[in-house]
Amino acid sequence: MNLHKVIISFASAIHFIWAALLLISPSPILAVPISPLFVLFHLSPITASFVLAGIAWLGLLGAERKADTTAILMLLPQQTMLLLSGMAAILAVGAGHYADGIVRSRSFILADQFPTILLGPLYTFSIFSKFHLFEK
Amino acid sequence: MATIAIIALILSIITGVYVYFNKEHNTLDKVWRSSIEGRISEVETVSKRINDEYTSIREILNEQAPQPRG
């Protein structure tokens with residue numbers, strides 16, 4: 001299996017799980033990586049769940065597709081969501097509290113949210129890898 | 001918070017545009033290079049075959065060449 005498929009599948013799995021959790025309970029809407037959907041776009045937990053599931057599906061379809069323009073368009077929503085989640089995590093570190101208001105030390109939040117921050121650039125790397133941009 | 005949304009969107013668009021323009025170029029390069037390398041390999045095979053045939057014909061001609069007198 002190609003590395004880019006592993007990374008994209010991992011990101012899609014995360015988004016699917018978030019989507020499922022939002023259907024079960026509304027409280028994850030204030031989790032740091034998911035909170036931009038509520039804070040910025042005022043999506044309800046149910047709507048956010050469908051948005052995340054749609055993004056995850058598009059990502060999986062784009063990963064399976066050959067490296068053409070349509071694949072780029074399918075992967076960009078997930079890329080945007082991951083970057084948004086990462087930046088929300090950075091904001092939480094800077095503010096010293098989580099999106100639901102819980103105060104923690106910056107280092108605590110950074111330790112907790114570092115995988116979220118890392119996933120956005122890693123996804124970009126996987127897109128470059130899928131389109132063979134690292135090959136000469 | 002709105003700022004990060006704009007930044008995320010801009011970064012994604014930049015990624016998409018960069019991949020789009022470099023993807024086209026890279027794919028064509030690879031297809032072209034693969035085609036040229038394939039042709040080179042074919043030419044080398046034919047060239048070797050011609051060389052081998054020339055060598056064997058040369059040997060036959062040398063064997064059948066009239067011997068010098070005296």
Side-chain angles (χ1 to χ4, degrees), chain A residues 4 30 32-43 55 58-59 62 65-95 99 116-117 119-136, chain B:
Chain A
H4 69 265
L30 286 179
V32 168
I34 305 173
S35 61
L37 293 176
F38 174 69
V39 174
L40 280 172
F41 306 111
H42 306 291
L43 298 182
I55 286 172
L58 275 178
R65 205 180 161 81
K66 63 179 180 173
D68 58 5
T69 308
T70 308
I72 299 173
L73 293 173
M74 284 177 165
L75 294 172
L76 284 188
Q78 191 161 44
Q79 166 80 91
T80 308
M81 184 65 213
L82 288 170
L83 287 175
L84 207 51
S85 297
M87 281 187 249
I90 292 171
L91 276 182
V93 171
T116 304
I117 296 169
L119 194 51
L122 199 60
Y123 195 87
T124 307
F125 169 85
S126 75
I127 292 177
F128 285 3
S129 174
K130 176 180 172 63
F131 290 89
H132 308 287
L133 296 190
F134 294 123
E135 295 167 23
K136 300 224 178 257
Chain B
M1 213 14 142
T3 311
I4 69 168
I6 293 168
I7 293 171
L9 196 57
I10 290 172
L11 284 174
S12 294
I13 291 170
I14 290 172
T15 302
V17 168
Y18 179 81
V19 168
Y20 175 77
F21 284 108
N22 285 280
K23 175 244 345 161
E24 292 278 343
H25 179 68
N26 209 13
T27 304
L28 284 173
D29 263 358
K30 280 171 55 167
V31 167
W32 175 82
R33 194 181 311 132
S34 172
S35 167
I36 292 294
E37 285 171 354
R39 293 293 302 277
I40 289 173
S41 177
E42 281 175 30
V43 168
E44 281 175 350
T45 305
V46 170
S47 170
K48 185 176 182 310
R49 194 179 324 129
I50 290 173
N51 202 36
D52 290 344
E53 286 184 20
Y54 168 78
T55 305
S56 64
I57 290 170
R58 190 77 254 169
E59 284 171 3
I60 293 169
L61 285 176
N62 286 343
E63 284 170 12
Q64 295 179 355
Q67 301 297 322
R69 296 180 190 212

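Since we're looking at a predicted model, the values are computed, not measured. Throughout, a chain's letter reflects where its sequence line sits, starting with A, and its residues are numbered from 1. Side chains included, hydrogens not; waters and symmetry mates left out as well; all remaining heavy atoms used.
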Against chain A, residues from residues 5-17 of chain B with at least one heavy atom under 4.5 Å, in numeric order, are Ala5(B), Ile7(B), Ala8(B), Leu9(B), Leu11(B), Ser12(B), Thr15(B), Gly16(B)

dist Tyr18(B):OH -> Ile72(A):CD1 (nearest 0.5 Å) comes out at 12.5 Å

Cut-off 4.5 Å, heavy atoms of chain B, and the answer for Thr80(A) is both

Turns out that what part of Leu76(A) lies under 4.5 Å from chain B's heavy atoms comes down to both

Under 4.5 Å to a heavy atom of chain B? For Leu84(A) that would be both

